[in-house]
Number of protein chains: 2
Amino acid sequence: MFKAVAELGYRPNNVARNLRVRRTNVIALVVADIQNPYFSAVGKAVQDLAYSYGMQVILCNTDEDLEKEQQYLDVLKADNAAGIIIAPTHQSTESFRYLAELQLPTVVIDRSFRDIDIVLSMDNVVIDNRAAAAALGVHILGRNRKRIAGIFGYGSTTGRERYEGVMDAHKQMGVLPEEDLFRFVAAKEPVGYEACVELLERPDPPDALVASNGLLAAGAYRALKELKVDIPTQLAFGSFDDTLWTPMVSPSVTVVRQPTTEIGRVAVELLLKRIQDPELEGSETVLKSELVVRDST
Amino acid sequence: MFKAVAELGYRPNNVARNLRVRRTNVIALVVADIQNPYFSAVGKAVQDLAYSYGMQVILCNTDEDLEKEQQYLDVLKADNAAGIIIAPTHQSTESFRYLAELQLPTVVIDRSFRDIDIVLSMDNVVIDNRAAAAALGVHILGRNRKRIAGIFGYGSTTGRERYEGVMDAHKQMGVLPEEDLFRFVAAKEPVGYEACVELLERPDPPDALVASNGLLAAGAYRALKELKVDIPTQLAFGSFDDTLWTPMVSPSVTVVRQPTTEIGRVAVELLLKRIQDPELEGSETVLKSELVVRDST
DNA sequence: GTGAAAGCGCTAACAC
DNA sequence: GTGTTAGCGCTTTCAC
């Protein structure tokens, strides 16, 4: 019987099926840049797990461009996507309202909507950014550093929280932070490079540097090598995101390792529950990160 | 008028539309592993260009598992995907026949179907693997190396062609290759590590090593560092794929840089033409790669 | 031009 | 159980 079907060459048409049953089995992953190792690691986990549940994953790169993001969201709504996993470009009430009005099951990753003043029926999966950054800061200050500089992602709650964690570390260790050693910039490798060069060429360069994500870290590290900065003697270096290269370079880089696979897994599971029952209340899951100490600090 | 539509909250339903017009605007990218930097670079380019043409990209990770790949293909057919960009796991007549019977517009990247003995109405976008590998081999042999070892991806025409290029280099430089210094393995970081350790622990270790892709290179380089091999004095090292880390490590790594953005761009453009006219004859586009000489050779 | 009607391929509901 | 039918929301056709 199945054989007969197969031999007749019957192929089901999911488009018709999806129209009839008024749902699809496509979930969308909306992130800034899939080449960012953090997002590609999360994306891999999302895709693997989605596959095991028989769902497809559509990939949307927003380049942190709000208009592009909203265009994608409109298309996803039109395509009747089953759900969305998104790291939203802006974490403003405005843009969350836009997202909420789609009425699609949504899980927000990497960025927090804790402080948004409207009720959101969405799940939030983040890490303990502030505590993790504080731990990194305490570790570095404990290495007898007095003047930490920092390069943080601009526009995300994530970057802001990590900055605050570094401030916490200063307070905890009784060191006065130097406000003009901190930069908030676009999360791109060349931008990290530029910011690092600028900080190091000051008349009074810092004795430690923190980068708030893997792309900024890559750019900063490239600059440090090019400027022939002696790490960690002259400058201690630490960052977020444990990528392929951080253990390979000399000196290897101290990082906060995010549980990317776990983030993807939890995001998919929350999303599937929300697809089954869209009326679920919003939730926040805070996953633990891990400080991996290497030679750069 | 548009405003009225917007204010009434009308949302088009693409599923219904797609059923009616019997096509979708979804193209699928079917690759082994989106975390492989080669595929994530191509994927980024595909996604960017697809967006500009108003198309969505579905991501499928096959893990080089043929069954998983064919399951994906069945789903893509059922979903009425507009077209497929694929780096097929097996390059056998059998599996190309399976692919061809889907009757979906298809562009094959990274792997060649030059030697398949059935007529395929597909486009093929590859690089000059054999020539590129030969250039790398000639460069290394020119550094006065006599005993090159190699780690190549197993199961892909790509790995095989790169191996043959290294053989060509030997012939050209009048050096006799040592057959038992070449390994064909799964394209994964830990596998590259293992193979490298095994080659270096021989009683008669090689004085040069070539890795045929970015993941194998990462594993091999990690092993070389761990074994404290002196590069390039004791061993020259070169690989395919210019990734974030190859210029950052010490010594920086000589690589064959593939035109990933161009590969993605050409693949999408060929696919769109084929979607418009599925009867087009098959084609093969061979793009040029570039040898980037750094400190490791 | 404007409006009504058919039908894409499927599933769910209903009748037998 | 098995067979028939309505209809998901759109586009296209055809009539006016």
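Given the structure is predicted, the values throughout are model-derived calculations rather than measurements. A, B, ... follow the sequence lines: proteins, then strands. Residue 1 opens every chain.
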Just jot down the side-chain contact (heavy atoms from CB on, under 4.5 Å) partners of B/E161, sequence neighbours excluded, or say none.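 Here the qualifying residues are B/S112, B/R114, B/N129, B/T157.
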Not counting sequence neighbours, which residues clear ring pair (Phe, Tyr, Trp, His ring centres under 6.0 Å) with B/F184? List them please.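 Testing B/F184 for ring pair (Phe, Tyr, Trp, His ring centres under 6.0 Å), a comparison that skips the adjacent residues, returns B/F152, B/Y163.
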Considering only residues two or more places apart or on different chains, which pairs with a residue in residues 78-106 of chain B satisfy salt bridge (charged side-chain N to carboxylate O under 4.0 Å, His left out)? B/E94-B/R97
According to side chain to side chain donor-acceptor pair (under 3.5 Å), does anything in residues 20-30 of chain B pair up with another residue at least two apart or in another chain? List the pairs.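 Passing the test, one end in residues 20-30 of chain B: no pairs.
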If a pair satisfies side chain to side chain donor-acceptor pair (under 3.5 Å) and one of its residues is in residues 256-268 of chain A, list it, with sequence neighbours excluded. A/D241-A/Q258, A/D242-A/R257, A/R257-A/E290, A/E262-A/R265, A/R265-A/E269
Could you list all the ring-ring contact (aromatic ring centres under 6.0 Å, His included) pairs where at least one residue sits in [range], not counting sequence neighbours?
range	value
residues 14-39 of chain A	none
residues 256-279 of chain B	none
residues 42-78 of chain A	A/Y51-B/Y72, A/Y72-B/Y51

Return the angle between end axes of the helix from C/dG1-D/dC16 to C/dC16-D/dG1, with five pairs used per end and rounding to 10°.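 One end axis against the other gives 60°.
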So, are A/D277 and A/K273 salt-bridged, with charged N and O less than 4.0 Å apart? no
To the nearest Å, give me how far apart CZ (A/R23) and P (D/dG9) are.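 Roughly 15 Å, once rounded to whole Å.
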How many whole angstroms separate atom CZ of A/R17 from atom P of D/dG9?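 That distance rounds to 16 Å.
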Please produce a list of atom pairs where a protein N or O lies less than 3.5 Å from an N or O of nucleotides 5-7 of chain D.
unit_1 : atom_1 : unit_2 : atom_2 : d
D/dG7  : N2     : A/R20  : NE     : 2.7

In residues 115-126 of chain B, what donor-acceptor pairs under 3.5 Å come from side-chain atoms, sequence neighbours left out?
unit_1 : atom_1 : unit_2 : atom_2 : d
B/D117 : OD1    : B/T93  : OG1    : 3.1
B/D123 : OD1    : B/R274 : NH2    : 3.1
B/D123 : OD1    : B/S283 : OG     : 2.7
B/D123 : OD2    : B/R274 : NE     : 2.9
B/D123 : OD2    : B/R274 : NH2    : 3.4
B/N124 : OD1    : B/F113 : N      : 3.2
B/N124 : ND2    : B/V108 : O      : 3.0
B/N124 : ND2    : B/R111 : O      : 3.0

First contact, last contact: which nucleotides of DNA chain C are these for chain B, 5' to 3', heavy-atom distance under 4.0 Å?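 Result: C/dG7 to C/dG9.
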